[in-house]
J.: 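What follows is a structure written as structure tokens; I'll ask about it next.
Order of listing sets the numbers, starting from 1, for every ligand and every atom in it.
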Amino acid sequence: MPKIIPITCENKFSYNIIINDNFENLVRNINSIKSEKYDKICVFTDSNVAKAYIDDIVDRLSAEYNIVITYIMEPGEENKQLSVVEGLYEHLIGNHFTRKDLLIALGGGVVGDMCGFAAATYLRGIDFIQIPTTLLSQVDSSIGGKTGVDYLSYKNMIGAFHMPRLVYINLETLNSLPREQLSCGMGEVIKYGMIMDRDFYSWLASDGKKLDDLSREDIFHIVETSILCKKQVVEEDPREHGIRAHLNFGHTIGHAIEKLCDFKLYHGQCVAIGMVAALYLSMKSEADSGISDTDISDLRRILDIYGLYDCVPTEFSSLKASDIIDAMKSDKKADAGRIKFVILKEVGKADTYMDFNDSDYMAAINKVLP
Ligand code: GLY
């Protein structure tokens, strides 16, 4: 450590992802983003993350930058709202922020997406960097420039593509992460294995692996390999015209469940349930599908290793397959109710399929309902 992974966009260097186990090199990395130094910095975070890291981060930045301010939101998906971004705009205006200044997202996916959206839209775009502090944000949401907020009850309905200028990961932040949050990130990690890296998937399932016993080397391998998977996809298709859609494996059904359970289940848990249902559908998509019942039982075993459900918990037993299908069809990614569904041709190889009908969905979803 540290490990540097450069990301390109349209064949040009875009930004570095740094994987480290401390914040020692943070300021040096910010200083080297561009030749001219930023005038002012605003650190955007939530009140939970602030308790753990804001003093340390602000002290480090203040040693080099004269004006370092903070803006702290209430945590949680329910606060991923335009009104919170408006509060941040007003804070930036009140502190005379210009395009020569920098926004920093310190926290998980909600903080990163919202801060990125503010950076994309304030003065038609200012620089921002990501300091992701959850596994999910380190392996997924901080990379690739998707930013946004929820609107009405639709997830990430309002947003923009806006690349960060740096992603700085301190793996030590994972040590204080609640277990469910670590599991949640593992949902996306397992997804990378399933859609594009069979060896990684086998490694995740290998003998003796347990969520609570992951070593520092294991965590490093998990984060680095996941980032390399995401890098490959976002470099090829930064704006999701094609292959980037494969990252939505498990998400079409997962998002619908997440919304119908009122966000009481973690995103990773919903994606896990969605992946199991998507495997049933993958089997159905072709007569000689490369997916078998053994693949489904293997996935269920891996989800169990990492503390993820493979079935909607019984407390949501009133959930009906038909409600899930309606929610899927009203998702922003559905085209006039037609869903581009991500399936697996085999473990490690994804594809999209447009021809499932309601009874196909019904059969698969019923396999994951209590
Ligand atoms: N999290 C999915 C994507 O970045 O495209």
Side-chain angles (χ1 to χ4, degrees), residues 5 7-10 14-15 17 77 80 105 107-117 119-120 128-130 132-150 154-164 167 169 181 183-197 222-223 225-259 263 266-275 278 308 328 331-335 339-344 350-352:
I5 301 176
I7 301 291
T8 61
C9 190
E10 279 142 15
S14 184
Y15 55 95
I17 300 174
E77 183 76 33
K80 198 174 177 185
V110 170
V111 162
D113 283 6
M114 293 175 75
C115 184
F117 183 64
F128 89 113
I129 70 162
Q130 295 262 18
T133 57
T134 62
L135 183 60
L136 182 104
S137 56
Q138 293 179 356
V139 299
D140 181 19
S141 59
S142 68
I143 308 157
K146 279 191 178 176
T147 75
V149 292
D150 299 342
Y154 298 98
K155 251 179 97 98
N156 303 327
M157 195 66 184
I158 309 290
F161 284 100
H162 188 59
M163 299 300 158
V167 178
I169 295 171
Q181 292 265 9
S183 286
C184 193
M186 285 308 298
E188 301 293 343
V189 169
I190 294 164
K191 178 195 78 181
Y192 289 125
M194 299 210 82
I195 62 169
M196 60 194 293
D197 191 339
I222 284 171
V223 173
T225 312
S226 300
I227 290 173
L228 291 173
C229 288
K230 182 131 189 193
K231 168 184 161 80
Q232 198 182 320
V233 174
V234 298
E235 286 184 340
E236 187 178 333
D237 179 23
R239 291 192 170 245
E240 201 168 319
H241 296 307
I243 194 184
R244 187 162 179 170
H246 292 179
L247 297 176
N248 297 325
F249 179 65
H251 284 60
T252 306
I253 293 175
H255 271 165
I257 293 173
E258 196 174 1
K259 180 172 156 189
F263 297 97
Y266 281 107
H267 175 72
Q269 294 165 336
C270 298
V271 168
I273 298 163
M275 289 196 294
L308 287 158
M328 283 159 58
D331 189 88
K332 69 175 187 301
K333 287 191 173 119
D335 180 0
I339 298 163
K340 194 179 191 187
F341 201 89
V342 186
I343 54 157
L344 296 192
D351 202 355
T352 49

J.: Report the relative orientation of the aromatic rings in His267 and His255; use parallel for angles under 30°, tilted for 30 to 60°, perpendicular for over 60°.
T.: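 Rings of His267 and His255: tilted, as their planes differ by 30° to 60°.
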J.: I need the minimum non-hydrogen distance between Gln181 and Tyr266, along with the two atoms involved.
T.: NE2-CE2, 4.0 Å
J.: Please find the pair of heavy atoms, one from Val342 and one from Ala278, that lie closest to each other, and give the distance.
T.: O-CB, 4.2 Å
J.: I'd like a table of the close N/O pairs between ligand 1 and the protein (anything under 3.5 Å), one pair per line with both atom names and the distance.
T.:
unit_1: ligand 1; atom_1: 1 (N); unit_2: Asp140; atom_2: OD1; d: 3.0
unit_1: ligand 1; atom_1: 1 (N); unit_2: Asp140; atom_2: OD2; d: 3.3
unit_1: ligand 1; atom_1: 4 (O); unit_2: Lys230; atom_2: NZ; d: 2.5
unit_1: ligand 1; atom_1: 4 (O); unit_2: Arg244; atom_2: NH2; d: 2.8
unit_1: ligand 1; atom_1: 5 (O); unit_2: Lys146; atom_2: NZ; d: 2.9
unit_1: ligand 1; atom_1: 5 (O); unit_2: Arg244; atom_2: NE; d: 2.7
unit_1: ligand 1; atom_1: 5 (O); unit_2: Arg244; atom_2: NH2; d: 3.3

J.: Asp113: which residues meet the side chain to side chain contact (heavy atoms under 4.5 Å, CB included) condition with it, sequence neighbours left out?
T.: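 Result, side chain to side chain contact (heavy atoms under 4.5 Å, CB included) vs Asp113: Lys80, Ser141, Asn156.
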J.: Grab the two heavy atoms, one from Val233 and one from Arg244, that are nearest each other, plus how far apart they are.
T.: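 Nearest pair, atom of Val233 first, then Arg244: CG1-CA, 3.4 Å.
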J.: Is a salt bridge present between Lys146 and Glu240, judged by a nitrogen-to-oxygen distance below 4.0 Å?
T.: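 A salt bridge is present here (some side-chain N lies under 4.0 Å from a carboxylate O).
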